Amino acid sequence: MAKLVSKVYGDALFELAVEEDRLKPIWDEVRALLRALEDNPDFLPTLRHPDMTMEKKQALLKELFGASFSQDVMGLLDVLVRKNRIGELEKVLLHFDERAKERERIGIVEVRTPLALSDSDRKKVEARVLEVTDFASLEMNYIVDESLLGGMVIRIGDQVLDNSIRSKLDAMSRQLGTVRL
């Protein structure tokens, strides 16, 4: 159900932003709101508290964000409050962000290596990923995973390129397990 809520409201805001040719400014507001939620983890639980009436929630949101955010984003907040869906706000915003990245052809890439990569190696990895994908730009996330022993694992969406020594050892182990003496 939560996935459906985030999709419905996130898609509505996204389609509005595209239709009004305001994707960039609304996307900036969505990211600012996501940062605010991340920096203030007690905010959404406060809005969901039983003592918070709809009017109190609307007044608080208007006071905090009314001067900073467009009518479109404030309208989303108002609808979520009126429909008693404000608890899904973060998921709605994340869905919008995902759709915007998809439209702008921004790839999310996770690179796992046993040691931190140098800036030069990072640039090579990024250049190679751009070369073999249709993305216009990339959002790179580098993670040190000492369990890999060597090599790297690259995840782009649902696709995983596992060129780690650990995966090669696992494959050899499986092959050796099928050998009959």
Side-chain angles (χ1 to χ4, degrees), residues 1-113 116 122 126 129 133-147 153-160:
M1 182 73 153
K3 178 76 170 174
L4 181 61
V5 169
S6 64
K7 183 172 174 17
V8 168
Y9 292 104
D11 283 346
L13 182 62
F14 177 78
E15 296 300 330
L16 178 69
V18 170
E19 185 179 303
E20 292 182 351
D21 196 26
R22 297 192 59 236
L23 180 61
K24 173 94 172 84
I26 291 176
W27 193 9
D28 288 342
E29 291 176 27
V30 164
R31 286 186 275 194
L33 192 47
L34 279 168
R35 279 190 304 278
L37 293 176
E38 186 179 311
D39 293 345
N40 301 285
D42 294 333
F43 182 67
L44 281 179
T46 300
L47 286 176
R48 289 192 304 254
H49 192 277
D51 290 342
M52 286 290 285
T53 64
M54 181 180 6
E55 293 77 17
K56 286 181 184 177
K57 291 175 190 179
Q58 289 170 322
L60 179 62
L61 290 169
K62 187 174 183 179
E63 181 183 330
L64 292 174
F65 304 120
S68 305
F69 293 153
S70 66
Q71 289 181 331
D72 298 323
V73 172
M74 291 306 294
L76 170 71
L77 295 174
D78 185 58
V79 168
L80 290 174
V81 167
R82 284 188 289 115
K83 299 287 186 177
N84 200 25
R85 299 287 193 197
I86 196 66
E88 303 298 324
L89 176 61
E90 185 173 18
K91 291 176 185 168
V92 170
L93 298 174
L94 289 170
H95 182 76
F96 178 97
D97 187 58
E98 187 178 296
R99 290 280 317 268
K101 286 177 182 173
E102 190 177 289
R103 179 177 173 91
E104 297 298 312
R105 296 181 29 234
I106 299 171
I108 310 299
V109 180
E110 177 183 286
V111 179
R112 290 183 177 274
T113 56
R122 286 178 179 215
E126 186 173 345
V129 171
T133 64
D134 291 331
F135 296 122
S137 63
L138 300 172
E139 201 173 277
M140 302 293 290
N141 300 302
Y142 294 95
I143 299 167
V144 174
D145 182 351
E146 295 172 359
S147 72
V153 177
I154 300 175
R155 177 183 299 273
I156 306 170
D158 300 0
Q159 298 179 335
V160 177

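Only a predicted model underlies this, so the values are computations on that prediction, with no experimental measurement involved.
Side chain of Glu110 to backbone of Met140: no donor-acceptor contact under 3.5 angstrom is found. Using a distance-only test at 3.5 Å, with no hydrogens or angles considered, no donor-acceptor pair links the side chain of Asp78 to the main chain of Met74. Between the side chain of Thr113 and the backbone N or O of Ala116, no donor-acceptor pair lies under 3.5 Å.
In this structure, the separation between CD1 on Ile106 and CD on Glu139 is 7.0 Å, given to the nearest 0.5 Å. The distance from the CG atom of Leu37 to the CG atom of Leu93 is 6.5 Å, given to the nearest 0.5 Å. Taking CG of Leu138 as the start and CD of Glu126 as the end, the distance is 5.0 Å to the nearest 0.5 Å. With values rounded to the nearest 0.5 angstrom, Ile108 atom CD1 is found 7.5 Å from Asp97 atom CG. Going from atom CG of Leu76 over to atom CZ of Phe96 covers 9.5 Å, rounded to the nearest 0.5 Å. In this structure, CZ in Phe69 is found 15.5 Å from NZ in Lys62, a value given to the nearest 0.5 Å.
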Checklist entry - Where do Tyr9 and Lys83 land on the side chain to side chain contact (heavy atoms under 4.5 Å, CB included) test, with the steps shown first? => result CA-CA 11 Å; Tyr9 292 104; Lys83 299 287 186 177; 3.5 Å; yes
Next on the checklist: Checking Leu94 against Glu98 for the side chain to side chain contact (heavy atoms under 4.5 Å, CB included) test, could you report, in this order, the C-alpha distance in whole Å, the side-chain angles of both residues, the deciding distance, and whether it holds?
Outcome noted: CA-CA 6 Å; Leu94 289 170; Glu98 187 178 296; over 6 Å; no
Item to check | side chain to side chain contact (heavy atoms under 4.5 Å, CB included) between Gln58 and Arg82, worked out | outcome: CA-CA 9 Å; Gln58 289 170 322; Arg82 284 188 289 115; 3.5 Å; yes
Checklist entry - Does the pair Val153 and Asp145 meet the rule for a side chain to side chain contact (heavy atoms under 4.5 Å, CB included), with working shown? => result CA-CA 10 Å; Val153 177; Asp145 182 351; over 6 Å; no
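Heavy atoms only, all atoms of each residue included: Arg22 and Ser70 are closest at NH2-CB, 3.9 Å. Considering all non-hydrogen atoms of both residues, Val111 and Val109 come closest at CG2-CG1, 3.9 Å.
Between Lys57 and Glu55 there is no salt bridge, since no side-chain N of the basic residue sits under 4.0 Å from a carboxylate O of the acidic one. Salt-bridge check for Arg35 with Asp39: failed, with every basic side-chain N at 4.0 Å or more from each acidic carboxylate O. Between Asp134 and Arg105, no side-chain nitrogen of the basic residue sits less than 4.0 Å from a carboxylate oxygen of the acidic one, so the salt-bridge criterion is not met.
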Sequence neighbours excluded and cut-off under 3.5 Å, please list the side-chain donor-acceptor pairs for residues 10-18, or say none.
residue: Asp11; atom: OD1; partner: His95; partner atom: NE2; Å: 2.7
residue: Asp11; atom: OD1; partner: Arg99; partner atom: NH1; Å: 2.7
residue: Asp11; atom: OD2; partner: Lys7; partner atom: NZ; Å: 2.8
residue: Glu15; atom: OE2; partner: Arg99; partner atom: NH2; Å: 3.0

Return a table of donor-acceptor pairs under 3.5 angstrom between the side chains of residues 42-52 and protein atoms on other chains or two or more places apart.
residue: Thr46; atom: OG1; partner: Asp42; partner atom: O; Å: 2.7
residue: His49; atom: ND1; partner: Asp51; partner atom: N; Å: 3.0

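Scanning for side-chain hydrogen bond (donor to acceptor under 3.5 Å, both in side chains) contacts around Glu20 gives an empty result, with sequence neighbours left out.
Environment of CG in Asn141: crowded, with over 12 heavy atoms of neighbouring residues, nucleotides or ligands closer than 6.0 Å.
Side-chain contact between Phe65 and Glu29 is absent, with no heavy-atom pair separated by less than 4.5 Å. Two residues are said to be in side-chain contact when any heavy atoms from C-beta on lie closer than 4.5 Å; Leu61 and Ile86 meet this criterion. Put simply, the side chain of Leu34 reaches to within 4.5 Å of the side chain of Glu90, judged on heavy atoms.
Judged by a 6.0 Å distance limit and a 45° cone about the ring axis, Arg122 is positioned over the six-membered ring of Tyr142.
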